[in-house]
Amino acid sequence: FFSTPVSMRSALRATPRNALRVSRLATSSCQTYNGSLTLMRNVSNSQYTALRFPAYRYYSTGPKAEEKKEDDMVDDDPVEAKEGEAEAKNVVEETETVKGDAEKFGFQTETRQILDIVARSLYTDKEVFIRELISNASDALEKVRHLQLVTDSEIDAPEDERKIMLSVDEKKRTFAIQDTGVGMTKEELVAHLGTIARSGSKAFLQKMQDGQVTGDAAEAIIGQFGVGFYSSFMVADTVKVYTRSHLKGSKGYLWQSDGSGDFSITEADGVAQGTKIIMYLKETESSFSSQSVVERIIKKYSNFIGFPIFLNSTVVNTVEALWRKNPSSVTQEEHEEFFKYMSNGYEKPQYRLHYKVDAPLMISSVFYIGQSHTEKFGVARLEPNVHLYCKKVLIQSKSKALLPEWMRFICGVVDSEDLPLNISRENTQDSAAVRKLNSVLSKRVLKWLQDEAKKDPAQYDKFFLEFGTFLKEGACMDMINKPEIAKLLRFESSKRERGELISLDDYIERMAEGQEKIFFLHTPSRETALQSPYYEQFRKKGIEVLFLHGNIDEYVMGHVDQYKTFKLYGIENPDIELDKIKATEDADEDDADKVEDAIVRELTDKQCQRMSDYLMKTLTGKLYEAKVSKRLTDSPAVIVTGHEQASMHRMMKQMALMQGKNSAEAGIPPQVMEFNAKHKIIKKLYWLSRLDNADAIAKSRQMAEQVFDNALIAAGLLDDPRLMLGRLNKLLESALDDVVEGEEEEPEPEPEP
């Protein structure tokens, strides 16, 4: 007894000689998969053959099952026999017989050249002919379903017969498709297949609009242009169409053409209601008679058609188009399974949005955000992963037009019936309509993320740590949506612990009295920021500062220069003025005490001027100006540079490296340096510079250069700190001059016991 479910696609029919004996067992342990139970049986050469049987049935092998003669292998189970017959019905075979003479027709309004354009040059990819034929079959089924509901016509097709069947045969090089839909009369054959660009679906919709037919079937009708059928001539030498109308007493007909400009119609017997198309493929297009190839194409374009699609008797479209359903009727489990299908993964989405709206555009969509992405590992750039559908038929896979490029981390489906498609249904015609759709979807996605951030801030912070780079890219590139994107940005703060993130709105709520700017500092790490000389005066007054650590953050602040009415301002800028801002409760009182204690010991104005002159002379070519600082409390000196200048220098350095140049070639211009007249190092340097002996002159020069380089490091402007190692070693030697080297006696080792 076996009960292991496996993929239905691998199911094979067992030969009579090796068939399993069938017996009914208790149903308490039945396992099913997609409506089928599949058994695995070991055969020769350690290979396995999957044997597929109808669901909710049990099978076992008797001890002498394989010794039975073929004549004894009789299925006496009428239920199984009916199931086998049903399976056989899902195979398209040419069983019709023609009678009488063929009647010749020419294409009524177009020439052979136009047919060549439609059939051979219209589509960019030949495989879309399968999409077109399946869409036509779906329309035929929708029409007959609608007519059953709203007309008194007698229609033969019962509810359970609505299906689309495809069969391929590699040996015969044939492709066949059949539906149980509305079918065609002889007159309709001439009108619909005899005139290029004559669409039966479009005429049906026109009748509905004129009031001749009522109902909502228009939402499910796909066809518009009447050229999809002719795509079959891209791959086929000859096309046969067997059809019989749904109207009671209709005759069956065979339509046949090689696409050369004319066709024939012959009356036929044994034609089932609906339409059957048999294509004899060109030798160069034999791949379309391969079951695996056709299955892949069906799942790519038509996997969400609302009717079962059988390929060689096996159902192919097993995934439901849940984006067309009412959002409240879709469960969390259904969304999780659909996301796994869309992403080809196993993770659950951390966020999902099921969005349906009728105005300003009719949109049915579903969006997901996964747990992680691969772009962070330096792998290839992510591709857009939102697909455009029209009435559940794929129009564009991974469309670049639906969402801004920075939203490429979002996976989903958009189905819109308001987009005018081109005649091949591979692209849209109206770029303005596409831009409108992009605008509507972009705004809705941004609102979705903002809602998620408010609902669960902690979860959103985790999302931002993983996907924040994309949002920052959007802040730099998407000028239209930049204000809304800025609401989604998160930053570390001087008033929060490491790893805690805040929004710009959070910052504004805690701004000090008199503060009109949002202050930020870009450093490699939080520790560097806290020890930065630029941060000292903000710590002293308890003013909050945003800490930025990523390379892209510099560009973000260059583009998001204002949020609401507040300007974002780097604290490296020279014109920082904090006098009008009232100190907060978080002000550092220790810093204030240090300042009061140091006032009496600072350099006088004349001494500060001499110090400035000395630094300018000693650091010729490196300094543009040296002046006393009002911002420093703990550091001896600081480079006064705008945020843009530091960022520009780093960008020029990166460009030089990309061009294979030495980073030193990027260079830095002469800088403005402020020195702290209260700091011990500056005061000692001043008195050392006043001495005129050689050792003092050399030592003071080394100290001045080191103070300048230290300030460059704090500003992020020193390219290679290794260049100052020699000077540092000399300063260390000088600092250790007072240490006296002596001799010491080593203690006697203790004797071993």
Side-chain angles (χ1 to χ4, degrees), residues 7-13 49-50 52 90-94 115-138 163-179 222 227-242 255-260 275-305 307-319 341 344 383 387 389 392-398 423-427:
S7 174
M8 292 172 56
R9 291 178 295 187
S10 63
L12 301 174
R13 186 183 299 275
T49 302
R52 185 176 64 84
N90 295 327
V91 178
V92 184
E93 296 177 339
E94 188 174 9
L115 179 60
D116 288 340
I117 294 174
V118 172
R120 296 174 174 83
S121 304
L122 180 62
Y123 298 92
T124 58
D125 198 337
K126 292 181 179 180
E127 67 181 22
V128 298
F129 85 90
I130 297 177
R131 179 197 70 180
E132 296 296 291
L133 296 182
I134 291 177
S135 297
N136 290 345
S138 176
K163 58 189 174 183
I164 302 170
M165 298 165 288
L166 292 86
S167 293
V168 292
D169 190 322
E170 291 189 78
K171 292 182 179 179
K172 296 180 181 179
R173 211 165 67 235
T174 58
F175 175 97
I177 179 172
Q178 181 176 0
D179 65 69
I222 301 169
V227 298
F229 166 75
Y230 296 98
S231 64
S232 58
F233 289 106
M234 292 190 298
V235 298
D237 287 322
T238 302
V239 177
K240 290 182 177 181
V241 179
Y242 289 98
W255 182 98
Q256 185 171 341
S257 177
D258 60 2
S260 61
T275 302
K276 178 192 296 183
I277 301 174
I278 301 175
M279 300 166 50
Y280 298 90
L281 300 174
K282 299 175 182 178
E283 187 173 355
T284 56
E285 311 298 341
S286 60
S287 63
F288 294 112
S289 63
S290 167
Q291 180 169 339
S292 60
V293 171
V294 173
E295 181 178 355
R296 175 187 60 80
I297 296 171
I298 293 173
K299 290 189 173 183
K300 177 180 179 181
Y301 292 102
S302 308
N303 205 32
F304 304 105
I305 290 293
F307 299 97
I309 302 175
F310 292 86
L311 175 60
N312 287 1
S313 78
T314 301
V315 177
V316 177
N317 58 330
T318 58
V319 183
Y341 167 79
N344 293 318
E383 290 184 299
H387 312 284
Y389 282 74
K392 298 187 287 189
V393 176
L394 179 66
I395 303 301
Q396 284 183 348
S397 177
K398 299 184 176 181
I423 196 170
S424 66
R425 292 198 295 186
E426 294 177 296
N427 289 293

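Numbering of residues begins at 1 and proceeds along the displayed sequence. Quantities reported herein were computed from a predicted structural model and do not represent experimental measurements.
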Checklist entry - Between Y242 and Q178, does a side chain to side chain donor-acceptor pair (under 3.5 Å) hold up when you go through it step by step? => result CA-CA 9 Å; Y242 289 98; Q178 181 176 0; over 6 Å; no
Checklist entry - So, for V239 and S232, which heavy atoms are closest and what is the spacing to 0.1 Å? => result CG2-OG, 3.8 Å
Item to check | From CA spacing to verdict: side-chain contact (heavy atoms from CB on, under 4.5 Å), M279, L133 | outcome: CA-CA 11 Å; M279 300 166 50; L133 296 182; 3.7 Å; yes
Measure the shortest side-chain to side-chain distance between [X] and [Y] over non-hydrogen atoms and say whether it is less than 4.5 angstrom.
{"X": "R131", "Y": "I297", "value": "no"}
{"X": "F310", "Y": "V92", "value": "no"}
{"X": "E127", "Y": "R296", "value": "yes"}
{"X": "I164", "Y": "I177", "value": "yes"}
{"X": "V294", "Y": "N312", "value": "no"}
{"X": "E132", "Y": "Y230", "value": "no"}

Nearest-0.5 Å distance that lies between atom [atom1] in [X] and atom [atom2] in [Y]:
{"X": "E170", "Y": "F175", "atom1": "CD", "atom2": "CZ", "value": "13.0 Å"}
{"X": "H387", "Y": "Y301", "atom1": "NE2", "atom2": "OH", "value": "12.0 Å"}
{"X": "K126", "Y": "K282", "atom1": "NZ", "atom2": "NZ", "value": "6.0 Å"}
{"X": "D237", "Y": "E285", "atom1": "CG", "atom2": "CD", "value": "9.5 Å"}
{"X": "F229", "Y": "F129", "atom1": "CZ", "atom2": "CZ", "value": "12.0 Å"}

Checklist entry - Short question: side chain of R173, backbone of S286 - any donor-acceptor pair under 3.5 Å? => result no
Checklist entry - Per the side-chain contact (heavy atoms from CB on, under 4.5 Å) rule, which among V393, N317, I309 passes with I134? => result I309
Item to check | Full working for side-chain contact (heavy atoms from CB on, under 4.5 Å) between D179 and F307 | outcome: CA-CA 10 Å; D179 65 69; F307 299 97; over 6 Å; no
